[in-house]
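The structure appears right after this line, and notes come after that.
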Amino acid sequence: MQYSKEIDKKWQKFWSKEKLFAADIKEKKSKYYCLVMFPYPSSELHVGHARNYVIGDAVARYKLMQGHNVLSPMGWDAFGLPAENQAIKHKVHPKEWTLKNIKRIKEQLDSWGIGYDWAREVTTCHPNYYKWTQWIFLQLYKKGLAYRKEAAVNWCSSCKTVLANEQVINGECERCSTEVEQKKLEQWFFKITDYADRLLEDLTLLEEWPERVCTMQKNWIGKSSGVEMDFEVQDSSLKIKCFTTRVDTIFGATFVALSAEYPHLEELIKDAPNKDEIISFIDKVKSKSVSVRTLETFEKEGIFSSKYAINPMTGEKIPIWIANYILMEYGTGAIMCVPAHDKRDFEFATKYNLGITEVIQSASGSRTPQTPDEVYEGEGVMVNSKEFNGLNSEEGKEKIAAYMKKKGIGEKKVNFKLRDWLISRQRYWGAPIPIIYCNKCGEVPVPEKNLPVILPEAVKFLPTGQSPLLHIDKFLNVSCPKCKGKARRETDTMDTFVDSSWYYLRYISAHQKKVPFVGKDVNNWLPVDQYIGGVEHAILHLMYSRFINKFLKDLGWISFSEPFQRLFTQGMIVKDGAKMSKSKGNVVAPDYIIDKYGADTMRLYILFMGPPQKDAEWQDEGLQGCWRFIQRAARLIDMLSEYKEEQPEKELNEHEKIVLRKIHSTIKEVTADLEGNFQFNTAISRVMELVNQTHKSLAEGILRKSIFKEAVSTVFVLLAPFTPHISEEVNALLGNKQSIFRKKWPQFKEQYLHQEEVEIGVLVNGKLREKLKINVNWERSEIETKALSLEKVKNILKDKKPKNVVYIPKRIVNIVA
RNA sequence: GCGGACGUGGCGGAAUUGGCAGACGCGCAAGAUUUAGGAUCUUGUCCUGAAAGGGGUGGGAGUUCAACUCUCCCCGUCCGCACCA
């Protein structure tokens with residue numbers, strides 16, 4: 001038999017008729033929720049995308065064969081900017097474009113034999129989905145977790161539009177190359193910072209997540225504990241709040257630096273002789289977007305504010321500077337500067353001739369730094385710190401914090417890098433934010449019964465950069481839900497990460513009209529047992545989903561605190577050393593492969609090419625190898641059907657023993673590979689060995705038909721999660737009426753693994769010299785004697801007695817001379 | 001700069017977790033079969049050497065009977081974060 005694409009179609013039809021992947025949600029016994037990150041349907045899929053779905057399908061099918069009740073759903077992250085850009089460029093409606101892509105991708109997935117429960121398909125741009133995205137917004141709003149504030153956006157003055165970060169190329173607008181400015185706009189935020197501590201703490205629950213993803217999330221949350229304290233300003237009623245994690249260095253604080261956005265700057269500099277100069281400096285700094293400000297080459301600059309602050313511990317007056325390297329977004333926008341123990345402060349202090357006082361002594365006896373490299377930033381023993389001298393940093397931090405608290409100067413404080421989630425998008429193709437602005441009542445949420453706020457479809461797409469919603473009267477002008485007076489609808493739409501932060505819940509109750517999901521079902525089926533996707537979502541998508549999940553739990557809608565039990569992040573497939581992209585022209589399109597080699601060949605190669613969590617280079621020759629292997633394996637079934645059985649001996653012959661042992665060790669190892677971290681590549685290589693062994697044994701000796709048949713059957717059962725089509729075909733040829741996926745995953749039998757004779761390595765001084773066949777029942781002394789009597793060993797030892805002999809059972813004998 | 005991962009043949013990668021380095025596949029070479037093949041089947045393939053032997057997992061040290069695996073230093077690649085006070 002030859003494997004070919006015709007076989008694919010036959011079994012794809014069969015599975016869909018059989019409803020192989022239709023999950024029974026009401027039956028929670030041995031449930032297994034296998035979730036693959038749903039795609040953004042921007043164009044057809046290439047082999048890089050395919051890896052994700054092939055892995056997911058292999059897992060789902062494997063679990064199915066283990067008798068699990070498997071749920072493997074699929075959907076579409078269907079809102080987003082690219083659709084809108086396409087609309088403007090090619091005059092296609094985003095909806096039309098998106099649905100067309102969905103149709104195409106669905107065909108692709110089907111042609112690869114990826115099995116999904118399509119009855120649960122979810123599309124985020126459908127009103128029956130985004131109704132509930134809006135509902136979630138309203139719940140957050142009710143709890144005060146959705147709020148509006150001014151925030152800076154990237155603004156192109158020529159296009160009169162907001163730009164997403166990816167639309168800013170080298171600080172310029174991607175469309176017209178105008179330099180991008182900062183502009184403040186009223187924007188909607190989700191208060192994810194309220195959950196910062198829990199998002200951090202619960203990372204410890206995620207034992208089955210890749211370590212690096214947890215680390216990335218941890219860094220992103222960026223918790224740091226320190227002290228927030230007041231610096232009084234001389235000749236002023238102002239106080240400057242500073243946050244520091246190193247309060248033990250406060251005696252070395254020789255100046256204070258403020259961000260250009262610091263709220264009270266105007267007051268601070270009102271009497272400065274060079275006020276104009278200062279203002280122009282501030283304006284200069286502010287005009288630069290944050291992305292420019294954080295460039296590596298960015299030079300530290302500042303200006304003296306003309307005012308002095310009082311160091312609360314020393315009582316000394318220290319100058320207040322305004323500096324371009326202080327971030328308003330973190331801490332208080334003001335810091336105390338300790339040039340002796342902070343490189344950045346040192347750089348600044350040397351540039352502007354500010355004082356440098358050493359207050360921490362390193363173990364190796366540091367001195368006041370002369371160059372940035374000499375700045376000691378570690379912990380140590382406090383010096384020049386009055387009554388705190390001699391304490392180590394750790395104690396110092398505690399004692400000074402206690403002292404400050406007592407004196408009312410400052411208090412312990414925890415800070416996070418995590419910032420609230422900006423969800424407003426000044427875009428058309430997204431879920432409308434369900435808010436109405438009334439002239440009288442102000443900001444009014446759309447009542448739940450009026451959801452969804454439908455996104456109007458009859459709109460024009462012009463390259464103005466403005467949301468088309470601004471020109472739809474019917475959408476824009478509404479009456480206030482409270483007072484029925486004149487009101488205006490919010491025209492911003494939601495970030496697509498909001499859509500994707502809860503889709504895994506909707507799959508459970510995809511068709512519910514009255515609720516976003518049925519709590520009972522969701523609680524039975526979640527958390528997701530296995531989540532699979534790209535590492536590019538390690539931070540945002542996974543953080544937002546965790547946040548929304550926790551929020552819904554707080555509302556009592558769900559009972560679990562983390563949505564994804566186990567996470568697997570697959571590596572990229574690269575071609576010619578680079579990520580596949582149309583512009584580079586290195587995209588490997590699957591259609592051609594499917595047509596020539598069939599789906600199983602592509603699937604097998606994708607899984608065989610390397611460890612799935614690592615990046616891998618696509619090689620057409622590797623694909624050919626998999627094709628050859630499948631044919632080589634498929635040939636076994638022909639050989640079997642033509643096999644003339646001779647009257648078998650009563651006892652198993654050597655060849656039969658070897659094949660039986662190979663069958664069962666393969667079952668054992670493949671199962672272990674799949675139970676581990678999805679080591680598909682080694683699992684497949686082991687099946688290849690079994691095929692090789694079977695061919696070899698048939699050529700060299702006689703097998704009774706039952707063992708031959710068991711070998712063939714095992715090969716294709718073990719391959720079934722990877723190459724489902726050919727496996728079904730062989731399964732049918734072997735006379736089975738039922739799908740191979742209704743068959744139980746095989747169990748290995750210990751009795752066949754047993755080996756009478758094994759070959760061990762004989763080493764002298766740790767170096768392999770000889771091999772020795774031993775019987776497993778031999779005593780250790782017998783083996784040692786045999787090893788010592790080997791010619792080569794004797795030659796090396798001469799007549800001397802070995803100093804020591806180490807024996808590791810069934811592995812090696814190491815003779816120490 | 002900080003944090004993390006990694007470094008094994010011509011290539012993709014294995015190595016039971018400290019126990020015979022290079023499984024499996026690709027590529028290559030020789031042979032067989034074939035009208036022919038980019039099909040199939042044998043055999044070989046870490047380097048060096050005619051062989052015996054010697055060397056070998058980025059480099060250097062160390063622990064150990066034994067190190068790809070553990071420890072320290074250095075070099076390199078990739079990823080993430082990046083003036084976070």
Side-chain angles (χ1 to χ4, degrees), chain A residues 210-216 218-220 222-224 226 228 242-247 249 253 257 259 293-296 298 300 323-327 329-338 342-345 347-348 372 377 415-419 535-536 538-539 571-572 604-605 608-611 613-626 628-629 631-632 635 668-669 672 679 681-689 691-692 695-696 699 759-772 792 795 802-817:
Chain A
E211 184 75 40
R212 64 171 177 153
V213 172
C214 290
T215 310
M216 279 160 82
K218 193 176 157 210
N219 293 342
W220 191 256
K223 181 178 183 169
S224 62
E228 196 171 87
C242 294
F243 174 74
T244 181
T245 53
R246 290 299 302 272
V247 75
T249 65
S259 149
R293 266 194 251 176
T294 52
L295 281 181
E296 241 174 272
F298 196 68
K300 289 184 180 48
N324 63 356
Y325 71 97
I326 312 302
L327 305 171
E329 298 79 29
Y330 186 78
T332 61
I335 61 166
M336 64 169 215
C337 297
V338 187
D342 183 292
K343 272 192 186 152
R344 295 155 302 174
D345 296 346
E347 240 177 84
F348 195 84
E377 294 186 320
N415 252 321
F416 293 94
K417 284 189 214 174
L418 184 71
R419 283 178 241 150
V535 76
E536 67 272 17
I539 299 179
M572 250 186 334
L604 191 71
Y605 176 54
F608 182 61
M609 64 196 304
Q613 66 276 19
K614 276 174 68 178
D615 288 354
E617 168 83 28
W618 181 272
Q619 290 174 326
D620 288 332
E621 296 82 10
L623 187 74
Q624 290 240 4
C626 287
R628 279 202 289 263
F629 164 69
Q631 303 304 0
R632 188 169 144 80
R635 244 190 335 271
K668 184 180 180 184
E669 286 166 344
Q679 289 146 272
N681 54 331
T682 50
I684 292 165
S685 75
R686 295 183 208 285
V687 181
M688 287 173 168
E689 284 183 63
V691 170
N692 291 349
H695 272 293
K696 197 177 167 208
E759 199 178 51
I760 62 164
V762 178
L763 293 72
V764 179
N765 292 330
K767 213 168 154 44
L768 181 70
R769 296 293 169 176
E770 265 289 16
K771 300 211 168 174
L772 181 67
K792 278 189 188 169
N795 284 345
K803 279 186 204 148
N804 192 10
V805 179
V806 181
Y807 175 58
I808 306 296
K810 294 190 212 174
R811 300 222 156 272
I812 54 120
V813 179
N814 189 14
I815 297 155
V816 187

Integer-rounded Å distance: [N] [atom2] and [X] [atom1]:
X	N	atom1	atom2	answer
A:Asp345	B:rG1	CG	P	19 Å
A:Lys696	B:rU42	NZ	P	10 Å
A:Glu377	B:rC83	CD	C1'	11 Å
A:Asn219	B:rA82	CG	C1'	11 Å
A:Glu617	B:rU77	CD	C1'	15 Å
A:Phe243	B:rC83	CZ	C1'	16 Å
A:Leu623	B:rG38	CG	P	18 Å

Inset, instruction - Let me know, please, whether A:Met216 or A:Ile760 comes out on the 5' side of the other along RNA chain B by nearest nucleotide. - result: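 Nearer the 5' end of the strand: A:Ile760.
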
Inset, instruction - Between A:Arg635 and A:Met609, name the one whose nearest nucleotide on RNA chain B is closer to the 5' end. - result: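 Nearer the 5' end of the strand: A:Met609.
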
Legend entry - Non-hydrogen atoms of A:Lys771 and A:Glu759 that approach each other most closely: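 For A:Lys771 versus A:Glu759, the nearest heavy atoms are CD-OE1, 3.6 Å.
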
Legend entry - Nearest heavy-atom neighbours spanning A:Thr332 and A:Phe243: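 Looks like OG1-N, 4.0 Å.
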
Inset, instruction - Select one nucleotide: of B:rA85, B:rC20, B:rG4, the one nearest the side-chain heavy atoms of A:Arg212. - result: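 Of B:rA85, B:rC20, B:rG4, B:rG4 is nearest to the side chain of A:Arg212.
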
Inset, instruction - Look at the side chain of A:Pro611 and decide which nucleotide, out of B:rC81, B:rC20, B:rA14, has an atom nearest to it. - result: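 For A:Pro611, the side-chain atoms sit closest to B:rA14.
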
Legend entry - Any donor-acceptor N/O pair under 3.5 Å between B:rC6 base and A:Lys614 side chain: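 In this structure, the two groups form no donor-acceptor pair.
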
Legend entry - Under 4.0 Å protein heavy-atom contact, by nucleotide of nucleotides 49-69 of chain B - B base, S sugar-phosphate only: ----SSS---------BS---

Legend entry - Letter per nucleotide, 5' to 3', of nucleotides 22-30 of chain B [B base touched, S only sugar-phosphate touched, - untouched; heavy atoms, 4.0 Å]: -BBSSS---

I'd like the [atom1] distance from [M] over to [N], given in whole Å.
N	M	atom1	result
B:rC6	B:rU69	C1'	14 Å
B:rC41	B:rG22	C1'	25 Å
B:rG19	B:rC70	C1'	14 Å
B:rG58	B:rG7	C1'	6 Å
B:rG9	B:rG44	C1'	15 Å
B:rG59	B:rC24	P	26 Å
B:rA5	B:rG56	P	28 Å
B:rC72	B:rC79	C1'	25 Å

Inset, instruction - Describe the nucleic acid contact of A:Asp615 in one word from base, sugar-phosphate, nothing, applying a heavy-atom distance below 4.0 Å. - result: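 Touches sugar-phosphate only.
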
Inset, instruction - Remember a base hit wins even if backbone is also touched, and classify A:Glu759 as base, sugar-phosphate or nothing at under 4.0 Å, heavy atoms. - result: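 Base contact - A:Glu759 has a heavy atom under 4.0 Å of at least one base atom.
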
Legend entry - Chi class for B:rG80: syn within 90° of 0, otherwise anti: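 It is anti.
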
Inset, instruction - Kindly label the base of B:rU43 as syn or anti, based on whether its glycosidic torsion lies within 90° of 0. - result: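 Chi for B:rU43 falls in the anti range.
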
Legend entry - All salt bridge (charged side-chain N to carboxylate O under 4.0 Å, His left out) counterparts of A:Lys810, not counting sequence neighbours: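 Salt bridge (charged side-chain N to carboxylate O under 4.0 Å, His left out) check on A:Lys810 returns nothing, list empty.
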
Inset, instruction - Check salt bridge (charged side-chain N to carboxylate O under 4.0 Å, His left out) between A:Glu377 and all other residues, then give those that pass, not counting sequence neighbours. - result: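 A:Glu377: no salt bridge (charged side-chain N to carboxylate O under 4.0 Å, His left out) contacts found.
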
Legend entry - Residues that A:Tyr605 engages under ring pair (Phe, Tyr, Trp, His ring centres under 6.0 Å), provided they are two or more places apart: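 Here the qualifying residues are A:Trp618.
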
[Y] side chain reached by [X] side chain, heavy atoms, under 4.5 Å:
X	Y	result
A:Met572	A:Asp615	yes
A:Pro802	A:Val816	no
A:Arg246	A:Thr249	yes
A:Arg632	A:Asn692	yes

Legend entry - A:Asn219 (side chain) donor-acceptor with A:Gly222 (main chain) under 3.5 angstrom: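 Pair absent, no side-chain N/O of A:Asn219 close to backbone of A:Gly222.
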
Inset, instruction - Only one of A:Leu768, A:Leu763, A:Leu772, A:Ile760 passes side-chain contact (heavy atoms from CB on, under 4.5 Å) with A:Ile812; say which it is. - result: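 Of A:Leu768, A:Leu763, A:Leu772, A:Ile760, side-chain contact (heavy atoms from CB on, under 4.5 Å) with A:Ile812 is met by A:Leu763 alone.
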
Inset, instruction - Answer with yes or no whether the side chains of A:Ser259 and A:Tyr330 bring together a donor and an acceptor at under 3.5 Å. - result: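 No, because no side-chain N or O of A:Tyr330 sits under 3.5 Å from a partner of the opposite role on A:Ser259.
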
Legend entry - Secondary-structure string, 5' to 3', Watson-Crick or G-U under 3.5 Å, | for another-strand partners, for RNA chain B: (((((((..(((......[....)))((((((.......))))))(((....)))..(((((..]....))))))))))))....

Inset, instruction - Would you verify whether the NZ or CZ of A:Lys223 falls within 45 degrees of the ring axis of A:Phe416 while also being under 6.0 Å from that six-membered ring's centre? - result: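 Checked: cation-pi criterion not met.
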
